Amino acid sequence: MPVEVSEVTKLYGNQKAVDAVSFTVSRGEIAGFLGPNGAGKTTLMKIITGFMPPTSGKVLIDNTEVSVNDPEIKRRIGYLPENNPLYPEMYVKEYLGFIASVYRMGRESTKAVENVIEITGLVPEKNKKIGALSKGYRQRVGLAHALIHNPDILILDEATSGLDPNQIVEIRNLIREAGREKTVIMSTHIMQEVEAVCSRVIIIDKGRIIADEPIGRISGLLSSKRQVVHVEFDRNPGETELHGIPGVNKVVKTAENRWQIESASESDIRPAIFSFAVSRNITVLSLSQEESSLEEIFRSLTG
């Protein structure tokens with residue numbers, strides 16, 4: 001089920017929290033939302049879920065416009081907000097049963113509660129009060145809340161916040177599995193999480209989208225700005241000589257006869273390095289281009 005965001009703008013007084021944002025996420029996609037604090041990610045998620053109206057523009061879910069006062073469209077969405085509001089005096093199983101009743105699940109409630117407790121790893125804690133849980137388990141309760149009614153769309157704001165490394169892996173697997181049949185939009189500050197889970201990256205800064213690429217092509221955003229090549233020769237070619245290769249602007253020796261060479265040229269510098277070696281009767285033992293990390297891309301694009 002597609003989520004279509006069309007020219008959405010949100011104003012707080014004269015400040016634009018979201019500025020004419022448009023994108024579409026389709027069923028089977030897991031889109032990762034990245035951006036600095038205050039970039040507009042959480043505001044946009046609240047608009048998509050119908051918790052907050054846009055100042056202008058619209059959000060369509062399966063060609064139906066999302067409205068703050070439309071409970072039917074909200075039943076198709078599972079939402080885990082950043083602050084994960086819960087009732088600390090309620091027991092885990094009791095709370096999830098209450099949420100099932102809010103969604104009017106009827107006779108399906110008991111089975112749905114047991115199922116979501118199982119898949120979110122809450123079985124050992126299901127008879128405890130939410131207020132007695134660790135932050136990681138409270139986060140799992142929030143995720144169970146988002147999943148209990150088997151929504152078509154999942155909106156997850158910092159879903160793995162507060163989880164330990166083992167829990168993070170489990171929740172990532174759960175999100176990946178959900179993403180096979182659902183439309184998933186998730187925000188996170190963890191770059192490795194986007195690379196591990198998402199099929200697409202949307203980077204937002206100052207309320208505007210500055211990048212929207214499949215995860216496999218995101219590294220190309222820096223390809224015209226900086227190339228890093230690692231090369232090993234059979235003997236030392238000399239640092240000064242390496243600086244003489246056209247396009248090279250930095251040379252760093254990393255080991256015996258191994259070098260890291262940087263270039264700002266838009267053209268692939270590897271053929272020039274190979275030609276340099278051939279002209280001096282030097283053998284190239286290895287030659288590889290370093291892929292730009294998502295963190296490096298994020299920092300470059302957002303400043």
Side-chain angles (χ1 to χ4, degrees), residues 1-85 99 102-104 142-143 145-159 175 178-189 194 197-215 302:
M1 177 177 295
V3 175
E4 182 182 352
V5 177
S6 178
E7 293 294 317
V8 166
T9 295
K10 182 64 180 180
L11 297 175
Y12 294 106
N14 294 323
Q15 182 180 355
K16 281 186 179 179
V18 179
D19 187 4
V21 166
S22 297
F23 62 88
T24 299
V25 181
S26 302
R27 181 177 179 179
E29 270 194 300
I30 303 178
F33 241 15
L34 289 176
N37 290 332
K41 303 186 302 297
T42 295
T43 297
L44 191 52
M45 287 185 157
K46 288 179 178 178
I47 292 171
I48 293 171
T49 54
F51 277 78
M52 176 189 294
T55 303
S56 62
K58 60 186 177 181
V59 177
L60 301 175
I61 290 178
D62 201 22
N63 296 319
T64 301
E65 186 169 354
V66 174
S67 167
V68 172
N69 300 313
D70 187 351
E72 291 303 318
I73 200 69
K74 290 182 180 181
R75 285 193 181 96
R76 306 173 82 173
I77 300 171
Y79 178 37
L80 175 62
E82 183 179 16
N83 59 359
N84 190 16
I99 296 302
V102 169
Y103 285 112
R104 300 178 183 177
L143 188 57
H145 175 159
L147 289 167
I148 193 167
H149 58 301
N150 192 27
D152 298 307
I153 297 160
L154 272 179
I155 309 294
L156 308 173
D157 200 352
E158 302 292 339
I175 294 170
R180 296 179 186 273
E181 298 183 352
K182 302 182 188 298
T183 304
V184 182
I185 300 173
M186 58 178 287
S187 77
T188 179
H189 286 97
V194 175
V197 175
C198 299
S199 56
R200 176 177 168 194
V201 182
I202 300 172
I203 300 178
I204 185 169
D205 189 30
K206 297 174 184 169
R208 298 186 66 88
I209 290 178
I210 57 174
D212 183 355
E213 295 286 342
I215 192 71
T302 62

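Source: prediction; values computed, not measured.
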Exercise for review: Considering only NZ, NE, NH1 and NH2 on the basic side and carboxylate oxygens on the acidic side, decide whether Lys58 and Glu65 come within less than 4.0 Å.
Suggested key: no
Point to revise | From Ile99 atom CD1 to Ile148 atom CD1, the distance as rounded to the nearest 0.5 Å | key: 7.5 Å
Check your understanding: Between atom CD1 of Ile48 and atom CD1 of Ile155, what is the distance when rounded to the nearest 0.5 Å?
Key -> 5.0 Å
Study note, to complete from the structure: Smallest heavy-atom separation, Gly142 atom then Leu80 atom, equals C-CD1, 3.5 Å
**Study point:** Val66: which of Val5, Val3, Val59 passes side-chain contact (heavy atoms from CB on, under 4.5 Å)
**Key:** Val59
Exercise for review: Would you check if Val201 and Glu213 make a side-chain contact, meaning some heavy-atom pair closer than 4.5 Å?
Suggested key: no
Exercise for review: Kindly compute the distance separating CD (Glu158) from CG (Asn83), expressed to the nearest 0.5 Å.
Suggested key: 11.5 Å
Point to revise | Side-chain touch Arg200/Ile30, heavy atoms, less than 4.5 angstrom | key: no
Review point. For Arg104, does the CZ atom sit with more than 12 other heavy atoms under 6.0 Å from it, leaving out its own atoms?
Key: no
Exercise for review: Specify the closest pair of heavy atoms between Glu29 and Thr24, including all atoms of both residues, with the distance to one decimal.
Suggested key: OE1-O, 4.2 Å
Exercise for review: Kindly give the heavy-atom pair with the smallest separation between Lys10 and Thr55, and that separation in Å.
Suggested key: CA-OG1, 3.5 Å
Practice item. Report yes or no: is the cationic atom of Lys46 (NZ for Lys, CZ for Arg) under 6.0 Å from the centre of the six-membered ring of Tyr79, at an angle within 45° of the ring normal? Key: no
Check your understanding: Considering only heavy atoms from C-beta outward, does the side chain of Thr183 approach that of Asp152 to under 4.5 Å?
Key -> no
Point to revise | side-chain hydrogen bond (donor to acceptor under 3.5 Å, both in side chains), paired with Glu72, selected from Arg76, Lys74, Arg75 | key: Arg75
Check your understanding: Does the side chain of Phe23 come within less than 4.5 Å of Ile204's, by heavy atoms?
Key -> no
Exercise for review: Look at the side chain of Arg208 and the backbone N and O of Ala20, then say whether any donor-acceptor pair between them is shorter than 3.5 Å.
Suggested key: no
Revision key, fill the gap. Between the NZ atom in Lys182 and the CG atom in Leu154, the distance rounded to the nearest 0.5 Å is 6.0 Å
Practice item. State, to 0.1 Å, how close Ser22 and Ile209 come at their nearest heavy-atom pair, and which atoms those are. Key: O-CD1, 3.8 Å
Check your understanding: What closest approach, in Å, do Val8 and Val18 show between heavy atoms, and which atom pair accounts for it?
Key -> O-CG1, 3.3 Å
Point to revise | Verdict with reasoning, Val194 to Met186, per side chain to side chain contact (heavy atoms under 4.5 Å, CB included) | key: CA-CA 9 Å; Val194 175; Met186 58 178 287; over 6 Å; no
Review point. Taking it one step at a time, do Lys206 and Asp19 satisfy side chain to side chain contact (heavy atoms under 4.5 Å, CB included)?
Key: CA-CA 8 Å; Lys206 297 174 184 169; Asp19 187 4; over 6 Å; no
Check your understanding: Can you find a heavy atom in the side chain of Met45 that is under 4.5 Å from one in the side chain of Ile185?
Key -> yes
**Study point:** Distance in Å, Leu60 CG paired with Ser6 OG, rounded so as to fall on 0.5 Å steps
**Key:** 7.0 Å
Review point. Between Asp157 and Lys41, does at least one N-O distance fall below 4.0 Å, as a salt bridge requires?
Key: no
**Study point:** Exercise: identify the closest heavy-atom pair between Ile77 and Pro151
**Key:** C-CB, 3.6 Å
Practice item. Given side chain to side chain contact (heavy atoms under 4.5 Å, CB included), test Leu156 with Leu143 step by step and report yes or no. Key: CA-CA 8 Å; Leu156 308 173; Leu143 188 57; 3.8 Å; yes
